[in-house]
Amino acid sequence: MLFLGIVLLSKPSFSQDLPKTESAPIKVVGKTTKANDPENFRKNPSGFQTAIDLNQYTARYTSLPDVLEREAGVRIRRYGGLGSYSTLSLRGTNPNQSRIYIDGVPFNNTQGGEVNLADLPFDNLQSIEVYRSGAPVGFSGSAIGGSVNLVTRTGGGPPKTRVNIGGGSFNTGKGSVTHTGSYGGIGTSLFFLGEKSDQNFSYLNDHGTSLVNPFDDTIDRRRNAQFERTQGMIGLNGEIGNTKIKFWNDLNYRFHGIPGPESNQTLQVHRRYLRNTSTIGTDTKGLLDGLLRIETRAFTTIANDDLFDPKSEFSKGTPNSSAIIHQSGAYLTPTLYLLDYNQIFRLHFGLEKESFDRSRSTPQNIDLKYEPGKFRTYTTVQLEDEIRFFDGKLILTPGVSWDNYRDRFQSDQPWYQRQDPTASPDKTTKFSNPKTGLLWKIIEKENYGLDFKTNASKQNRIPSFLELFGEVGTIIANNSLKPEKSENFDSGFTGSYKDGDLKSSLTVSYFRKRIQDMILFIPNSQFTLRPENVDSARIDGAEVSHKSEYKGWKFLVDYTYQEAINTSAAPYLHGKYLPLRPRHEIGATLAYKSKIWELGFEGVYVGAVFKDRTNEYVNYQPARQIWNAYFTLILYSSPEEENQKQEKAPKELLLSIDLRNMGDKRVQDIVGYPLPGRNWFVTLSARF
């Protein structure tokens, strides 16, 4: 009724003579070098969002955590160096409260809720979209923190191939081949990568007595932190009439050691991870005389996650495990352009299914124990109305989503031993997530502009399988858990300026989150934990993002200030800082690019944090500054006249050197897990 009323009221008050096509895309300031912003940004005009163009990293040896940690509002936590377990969180939230997608395909695992960035692709990506104000319509699942979408490369244009060969510290080596082109009207993208590293860096080992006895500190070398990974991807895209079709299949294999904490390193614990994801999507425009657009997507992901602990260094009994995770889904997203009424209706219907099956065995791989399977079915309906006033200078975007989760956990316990023999194995959870946004284009000139944005929403996070159904021997099941919920608000300004060779953009925003019913694992006995809804938090902060370019010079700076305070009723927690949430974070880049070389310096400042919930001094970590540098030299580049004559992609040969942590800082992100000191990498990149 709300949307119907708005439709009826809008025409007489603010009607315009507009064509029945979507108006020019609304500019959203962010780190993008494209003339137009990403398609997804147009669906979320009031959101604070950034697009990171990864073409600038084509010839460099870098990773997904390295790129994201310099963004405002983004916090990366690592358990080691290159290839180690890494998580992402946005605006002071937990890693399992943020959503990660690849071309809109969700990658959050229902078993634990959070995503390991080391398991995701990077070298074959075209860009990264960071959404701090939720996500556009069409992205499934609610996100208390925010969302990140990884965008894969699309084939097309003249055939071109890029070969990268790199290596560096800790016996690191990597090789990749990327090919894109158009064949018979079908865009094709092929990618293959192989990488390995020992990650046997030296670190300061305090043997767990950093304050009690600093005289027993030693310089040790990281063990069992090696990794190997192989990735292959194929992508196809084309058009049939007014319908665009895109298909890709990504295969990722990783084999790596799990070193354990610094004072108790393991010798043989390792993990083998194999994942295959396939997706196909369509986009049909111009239906009903330009009034209707329909987008669809279907995907399936199968992952095999094996853990080996042959010496029982992590646990006794049956320490080895093999898990199979299967995710699949289908989406339908119609968009209705009622531009005679100054409105765009966006709807989304989604169905997802996920299963988790795991077996355990002894170090000798005998006496297999199969755990009962866990299943989740998720349906969602999203509705959003984009209302344009005053010739599009003022845009209002009210919306709501309805989510329905059905979980099933098969138990192998006899009915007469259960606490409630009549209890159903199914659990159904329903909630809605309302939101609204506003964009006011205060100044809109050819060379400069100024926008005001604000957003408010309510978001929920469904408990994970681990929280609902527990872990045999360690975590007690609690299927009465309520979803975590949060009230989110942000507001601020984005501005841009262009004059000749000078390009500059600036975003300043304030954000606030009030999180309730946070799930915490409470000791239930000497050896077990039980998840409970006992915590709450107040998070307030501000973000500043600036980018300027002038005659080859580039300067970027991203600053985040936040206060993340525990508001739990427990006296020993109330008023304490949430762990691992620094007040201040700064990421900056200063670079100069000439015709044949580029030199840049990158800095990351992370403020002091407490590593525990009670803010004990023994777990206090001082602030740190990490400085990096890179140098890229163009060894060969084909003449422009030759490229135009042959109508082929230009040829080039690049040499790039990356220096990391030049100050050789010995620090940790997570208690007991050191990060590498000074290290270097060299990459030779050829395109033909």
Side-chain angles (χ1 to χ4, degrees), residues 29-33 50 52-54 56-57 59-78 80-82 84 86 88-92 117 122 128 130 132 168-169 201 203 503-508 541-550 552-562 580-593 597-609 621-632 656-669 674-683:
V29 176
K31 291 184 180 63
T32 176
T33 59
T50 300
I52 309 171
D53 185 359
L54 296 182
Q56 59 187 310
Y57 301 104
R60 294 180 55 191
Y61 205 126
T62 187
S63 65
L64 187 60
D66 291 334
V67 172
L68 286 170
E69 73 175 346
R70 292 190 288 271
E71 292 298 309
V74 178
R75 179 77 167 101
I76 301 295
R77 302 170 192 167
R78 297 179 175 90
L82 185 69
S84 66
S86 304
L88 171 146
S89 58
L90 294 167
R91 290 182 167 178
L117 300 182
F122 173 73
I128 303 173
V130 181
R132 300 174 183 86
S169 297
F201 54 87
Y203 68 96
K503 299 178 182 179
S504 185
S505 62
L506 176 67
T507 299
V508 180
E543 298 163 342
V544 178
S545 182
H546 170 75
K547 177 182 179 181
S548 289
E549 295 180 351
Y550 179 71
W553 288 94
K554 180 171 64 175
F555 175 65
L556 299 86
V557 61
D558 288 86
Y559 169 67
T560 305
Y561 171 83
Q562 66 180 6
L580 303 175
R581 273 80 163 181
R583 268 192 171 188
H584 307 277
E585 282 190 277
I586 303 175
T589 299
L590 177 63
Y592 178 76
K593 184 177 183 180
W597 58 268
E598 180 178 0
L599 175 65
F601 296 91
E602 301 167 339
V604 175
Y605 172 86
V606 180
V609 297
Q621 177 175 283
R624 68 174 186 259
Q625 308 91 30
I626 303 295
W627 296 97
N628 307 323
Y630 69 91
F631 177 75
T632 301
S656 182
I657 301 174
D658 284 87
L659 301 177
R660 308 283 179 79
N661 195 359
M662 294 188 296
D664 199 25
K665 297 286 186 180
R666 307 297 179 95
V667 295
Q668 302 175 0
D669 263 344
L675 303 182
R678 185 183 298 113
N679 56 96
W680 58 270
F681 301 97
V682 176
T683 303

Handout entry: Distance, nearest 0.5 Å, that separates CD of E543 from CZ of R91
Key =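 One finds 4.0 Å between CD of E543 and CZ of R91.
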Write down the atom of [X], the atom of [Y], and the distance for their closest heavy-atom approach.
| X | Y | answer |
| --- | --- | --- |
| L675 | R78 | CD2-CB, 3.8 Å |
| S656 | R60 | OG-CG, 3.5 Å |
| P676 | G81 | CD-CA, 3.6 Å |
| R77 | D669 | CA-OD2, 3.8 Å |
| A629 | M662 | CB-SD, 3.7 Å |
| G607 | P582 | O-CB, 3.5 Å |

Practice task
Step by step, work out the side-chain contact (heavy atoms from CB on, under 4.5 Å) result for W597 and F631.
Solution key: CA-CA 7 Å; W597 58 268; F631 177 75; 3.9 Å; yes
Exercise for the section: Take V544 and L506 through the test side-chain contact (heavy atoms from CB on, under 4.5 Å) and record every step on the way to the result. Expected result: CA-CA 7 Å; V544 178; L506 176 67; 4.0 Å; yes
Would you call [X] and [Y] a side-chain contact if the rule is heavy atoms closer than 4.5 Å?
| X | Y | result |
| --- | --- | --- |
| V130 | L68 | yes |
| L117 | I76 | yes |
| L90 | V74 | yes |
| V604 | R70 | yes |
| V67 | Y57 | yes |

Problem - Check against side-chain contact (heavy atoms from CB on, under 4.5 Å), Q625 and I586 - result: CA-CA 9 Å; Q625 308 91 30; I586 303 175; over 6 Å; no
Practice task
Could you tell me which residues satisfy side chain to side chain contact (heavy atoms under 4.5 Å, CB included) with R583, sequence neighbours excluded, listed by chain and number?
Solution key: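 Per chain and number, R583 pairs via side chain to side chain contact (heavy atoms under 4.5 Å, CB included) with Y561, E563, Y577.
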Problem - Any residue meeting side chain to side chain contact (heavy atoms under 4.5 Å, CB included) with N628, in chain and number order, not counting sequence neighbours - result: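 In terms of side chain to side chain contact (heavy atoms under 4.5 Å, CB included), with neighbours along the sequence ignored, N628 is linked to E602, I626, R660.
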Handout entry: From V682, D66, T683, residue fulfilling side chain to side chain contact (heavy atoms under 4.5 Å, CB included) relative to Y61
Key = T683
Exercise for the section: Specify whether F555 and H546 have parallel, tilted or perpendicular ring planes, treating 30° as the upper limit for parallel and 60° as the lower limit for perpendicular. Expected result: tilted
Practice task
Classify the side-chain pair R678/S169 by whether it contains a donor and acceptor separated by less than 3.5 Å.
Solution key: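 No.
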Problem - Salt bridge R132-E71, side-chain N to carboxylate O under 4.0 Å - result: yes
